Amino acid sequence: MKAPSSAPKKSWFQPAPTEAERAEQRQARAKLRIGIPRVLNIWSTHQFWFGFLEALGIDPRRIEFSSDTSDEQSRTYAKGRGTVDCCYPVKCISGHYGELLARSKRKIDILFSPMIHSVPSYLDGHVDASLTCPRVMAASENIKAGFIKERDAFAEARVLHVTPFVSLADPPVVPKQLYEGMQDAFPGLTLAETTHAVEVGYRTLNAYNQRLRAKAREILEWCAREQRPCILVLARPYHMDPGIGHEIEVDLQAHGYPVLWAQYLPTDPDLLHWMFDPDIAEGHIRSPLDIRDVWKSSYSGNTNEIMWGAKVAARMPWIAAVVRLASYECGMDQPTYSPVQSIVERSGTLFFSFQDLDSTKPAGSVKIRVETVAHYLAKQGADIIGKKLAASQPDCPLLKA
C-alpha cells in the first residue's frame with residue numbers, strides 16, 4: 001500500500017481501465033487490511049461495516065478492530081496525542097488510533113474511521129430522529145489532528161486515514177457518500193460496487209439487530225413466565241465498552257438479574273400495541289414508536305432511543321428497575337436526566353443513575369451502589385411487578401409464550 005503522498009492523481013482524460021486492469025485492482029483491494037477503532041457510533045453500526053467491506057471484496061479476517069478502551073491502551077498509545085475535548089469517549093479515541101497504527105503483526109493499510117452524521121433508528125414520527133452528536137461525528141478529524149501536529153504519524157506508518165462522511169439514516173445518499181469518500185483508497189472502486197455493498201451492509205446490520213431483539217423478547221418471556229424482575233440499562237451504545245461504561249451492567253447481572261439494553265428492546269407489533277394502544281387511542285402519540293408525548297426536542301438518535309426506552313420501562317411489568325449511565329459532562333444527555341427519571345418513577349419502577357462516568361472507576365462506590373440496586377430489587381421486585389401488571393392491559397403477549 002503506497003503512502004498518501006505517492007497516491008496517483010486522477011485525470012478527467014484518463015482512459016477507463018480494462019477488464020484485466022479492473023481484475024488486478026480488485027485483487028489488490030482484497031489484500032488490504034482495514035483497521036477500525038472500536039469507538040462511539042461503531043458500537044451500533046459495526047455489523048453494517050462488516051457486511052459493506054466484505055461485499056467490496058475485503059476478507060473479514062483482514063478487518064481489525066482495536067481493543068476495548070482501557071487505561072493501559074491510553075497510557076501506551078495516546079501519549080502526546082491528546083485533545084482538548086471534554087467528552088471522555090472522544091478523548092479515548094487517541095488510544096485506539098495509536099494502537100492500530102502501532103501494530104506490527106497484522107499491520108493495517110487503512111485506518112477506517114467514518115464520520116457518521118446519522119444512524120438508523122427504529123423510531124417513527126419524530127423530526128431529525130436519527131442525527132448523531134456533532135462532537136462524536138467530527139471526532140475522526142479532531143483526533144487526527146493529534147497525529148499530524150508535529151509529524152504525520154499516518155504517513156510514517158504507511159497507513160491511509162479514511163474518514164468518509166456518511167448519513168446512515170438516509171440510505172439513498174449513502175452509496176454516493178461512501179464512494180466519494182473511499183474511491184482514492186480502495187483500488188478500482190466503482191459506484192455500482194459501492195451501491196451493492198451498501199445494500200449488503202444494511203441487510204447485515206438489520207439481521208444482527210433482529211437477532212438481539214429476538215433474544216431480548218426471549219428474556220422478557222422468561223421473566224413473565226417465572227414472574228422474575230429484570231433491569232433495563234438506558235445509555236448510549238458505546239457504554240457497552242468496558243472502559244467507558246465500567247461494566248456496571250455486568251456487576252448487576254452477577255446478582256442474578258437479567259439485563260436488557262434500550263437499543264435492543266423487542267419491537268414486535270403485538271408487544272408494542274399491547275403497551276401503547278391506550279396512548280394512541282387518547283391521541284398522545286401516532287404510533288408505538290412515537291415519542292412526541294415526552295420529548296419535543298430532537299438532539300440525537302441515541303437520546304431519542306433513551307427516551308423511548310424509559311417509556312417502555314414504565315409499561316413493561318417485568319422491568320422492575322432502570323439503570324441510567326451517562327458520561328462526564330455529556331451535553332446531549334444532561335437535558336434528559338429529569339424527564340427520564342420522571343417517566344420511570346411515575347410508574348413505580350425503581351430508578352438508579354450512574355452519571356459523570358469518566359476515566360476513573362470508583363470500584364468501591366460502584367460495588368455499594370450495585371448492591372443497593374440488588375437489595376431493593378430483592379425487597380420490592382415482586383410487588384412492583386404485581387402493581388404494574390394490575391395497571392396494564394389484559395392479555396399480555398409475553399404470557400402466551
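Here the structure is a predicted model, which is why all the values come from computation and not from measurement.
To the nearest 0.5 Å, atoms CD1 (I319) and CG (L350) are separated by 12.5 Å. With rounding to the nearest 0.5 angstrom, the CG atom of L189 is 3.5 Å from the OG1 atom of T194. Separation of atoms CG (L32) and CD1 (I63) is listed at 11.0 Å; rounding is to 0.5 Å. Taking NE2 of H255 as the start and CD of E371 as the end, the distance is 5.5 Å to the nearest 0.5 Å. Atom OH of Y202 and atom CG of N206 lie 9.0 Å apart (nearest 0.5 Å).
Of the possible polar contacts, one joining the D290 side chain to the R286 backbone as a donor-acceptor pair under 3.5 Å is found. For the pair S140 (side chain) and T163 (backbone), a donor-acceptor distance under 3.5 Å is absent. In this structure, R62 contributes its side chain and I34 its backbone to no donor-acceptor pair below 3.5 Å. Looking only at distances, a side-chain donor or acceptor of D152 sits under 3.5 Å from a matching main-chain atom of F154. In this structure, S167 contributes its side chain and A169 its backbone to no donor-acceptor pair below 3.5 Å. T76 places no side-chain N or O within donor-acceptor distance of the main-chain N or O of Q73, the cut-off being under 3.5 Å. Of the possible donor and acceptor atoms, one in the side chain of T195 sits under 3.5 Å from a partner among the backbone N and O of L191. The main-chain N or O of S94 is never found under 3.5 Å from a side-chain atom of R81 such that the two would form a donor-acceptor pair. Formation of a donor-acceptor pair under 3.5 Å by the R29 side chain with backbone atoms of P187 is found in this model. At least one donor-acceptor pair under 3.5 Å links the side chain of T45 to the backbone N or O of N41.
Between V198 and V200 the shortest side-chain heavy-atom distance does not fall below 4.5 Å. By the 4.5 Å heavy-atom criterion applied to side chains, L252 and Y257 are not counted as neighbours. Considering only heavy atoms from C-beta on, R106 stays 4.5 Å or farther from R61 through its side chain. Counting only heavy atoms from C-beta outward, the side chains of Q177 and P164 never approach each other to under 4.5 Å. L220 is listed as a side-chain neighbour of P266, based on a closest heavy-atom distance under 4.5 Å. Here the side chains of H246 and F354 are not in contact, with every heavy-atom distance at 4.5 Å or above. The shortest side-chain heavy-atom distance between I306 and W295 does not fall under the 4.5 Å cut-off. The side-chain heavy atoms of W222 and P258, taken from C-beta on, include a pair separated by under 4.5 Å.
The closest side-chain donor-acceptor pair between S130 and S118, if any, does not fall under 3.5 angstrom. Counting only N and O atoms by type, the side chains of R22 and T190 include no donor and acceptor under 3.5 Å apart. Side chains of S353 and Q341: no donor on one and acceptor on the other come within 3.5 Å. For the residue pair E305/S121, the side-chain donor-acceptor check at 3.5 Å is satisfied.
For K387, the NZ atom sits in a loose shell: 12 or fewer heavy atoms of surrounding residues, nucleotides or ligands are nearer than 6.0 Å. Within 6.0 Å of CD in Q355 there are more than 12 heavy atoms belonging to other residues, nucleotides or ligands. Other residues, nucleotides and ligands contribute at most 12 non-hydrogen atoms within 6.0 Å of the OH atom of Y328. More than 12 heavy atoms of other shown residues, nucleotides or ligands fall within 6.0 angstrom of atom CZ in R369. The 12-atom threshold is not exceeded at CD of E72, counting heavy atoms of other residues, nucleotides or ligands nearer than 6.0 Å.
Closest approach of I110 and A185 over heavy atoms only: CD1-O, 3.8 Å. The two residues A139 and V90 have their closest heavy-atom pair at CB-CG1, 4.1 Å. Residues P120 and L205 come closest through the heavy atom pair CG-CD2, 4.0 Å. The two residues S327 and Y337 come nearest to each other via the heavy atoms O-OH, 4.4 Å. The minimum heavy-atom distance between Y77 and A102, with the atom names listed, is CE2-CB, 3.6 Å. Here the shortest heavy-atom pairing between A55 and H196 reads CB-CD2, 4.4 Å.
Checked against the 6.0 Å centroid criterion, the rings of Y88 and Y238 do not qualify as a close aromatic pair.
Using a 4.0 Å cut-off between charged nitrogen and carboxylate oxygen, D279 and K311 do not count as a salt-bridge pair. Using a cutoff of 4.0 Å between basic side-chain nitrogens and carboxylate oxygens, R217 and E221 are scored as salt-bridged. A salt bridge links R324 to D333: at least one charged side-chain nitrogen sits closer than 4.0 Å to a carboxylate oxygen. Between R236 and D241, no side-chain nitrogen of the basic residue sits less than 4.0 Å from a carboxylate oxygen of the acidic one, so the salt-bridge criterion is not met. Here D68 pairs with R38 in a salt bridge; the nearest charged N to carboxylate O distance falls below 4.0 Å. Between E218 and K215 there is a salt bridge, since at least one side-chain N of the basic residue sits less than 4.0 Å from a carboxylate O of the acidic one.
Sorted by first and then second residue, the ring-ring contact (aromatic ring centres under 6.0 Å, His included) pairs with a member in residues 93-120 read W49-F112, Y97-F147, Y97-H161, H117-F165; sequence neighbours excluded. The stretch residues 373-401 participates, sequence neighbours left out, in no ring-ring contact (aromatic ring centres under 6.0 Å, His included) pair at all.
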Handout entry: side-chain contact (heavy atoms from CB on, under 4.5 Å) evaluation trace for W308 with L289
Key = CA-CA 7 Å; W308 187 75; L289 298 172; 3.4 Å; yes

Exercise for the section: Would you sort out whether S44 and Q263 count as a side-chain hydrogen bond (donor to acceptor under 3.5 Å, both in side chains), showing the intermediate values? Expected result: CA-CA 9 Å; S44 61; Q263 287 77 14; over 6 Å; no

Practice task
Begin from the C-alpha positions of L40 and I93 and carry the test side-chain contact (heavy atoms from CB on, under 4.5 Å) through to its verdict.
Solution key: CA-CA 9 Å; L40 304 176; I93 302 177; 3.4 Å; yes

Practice task
List the steps, then state whether side-chain contact (heavy atoms from CB on, under 4.5 Å) holds for V159 with D109.
Solution key: CA-CA 5 Å; V159 169; D109 302 299; over 6 Å; no

Practice task
Please report the C-alpha distance between Y122 and Y264 in whole Å, then the side-chain angles of each, then the deciding distance to 0.1 Å, and finally whether the ring-ring contact (aromatic ring centres under 6.0 Å, His included) criterion is met.
Solution key: CA-CA 10 Å; Y122 50 82; Y264 298 109; 8.8 Å; no

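Qualifying salt bridge (Lys or Arg N to Asp or Glu O under 4.0 Å) partners for R33, counting only residues two or more places apart in sequence or in other chains: E64. In this view, L389 and Q227, P317, W318, I385 satisfy the side-chain contact (heavy atoms from CB on, under 4.5 Å) rule, not counting sequence neighbours. Taking the side-chain contact (heavy atoms from CB on, under 4.5 Å) definition, one finds that E180 meets it with K176, sequence neighbours left out.
Ring-plane geometry between F52 and F48 is classed as parallel, the angle between the planes falling under 30 degrees on a 0 to 90 degree scale with a further cut at 60.
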Side-chain donor-acceptor pairs of residues 390-401 under 3.5 Å, sequence neighbours excluded:
residue	atom	partner	partner atom	Å
S392	OG	K388	O	2.6
Q393	NE2	W274	O	2.5

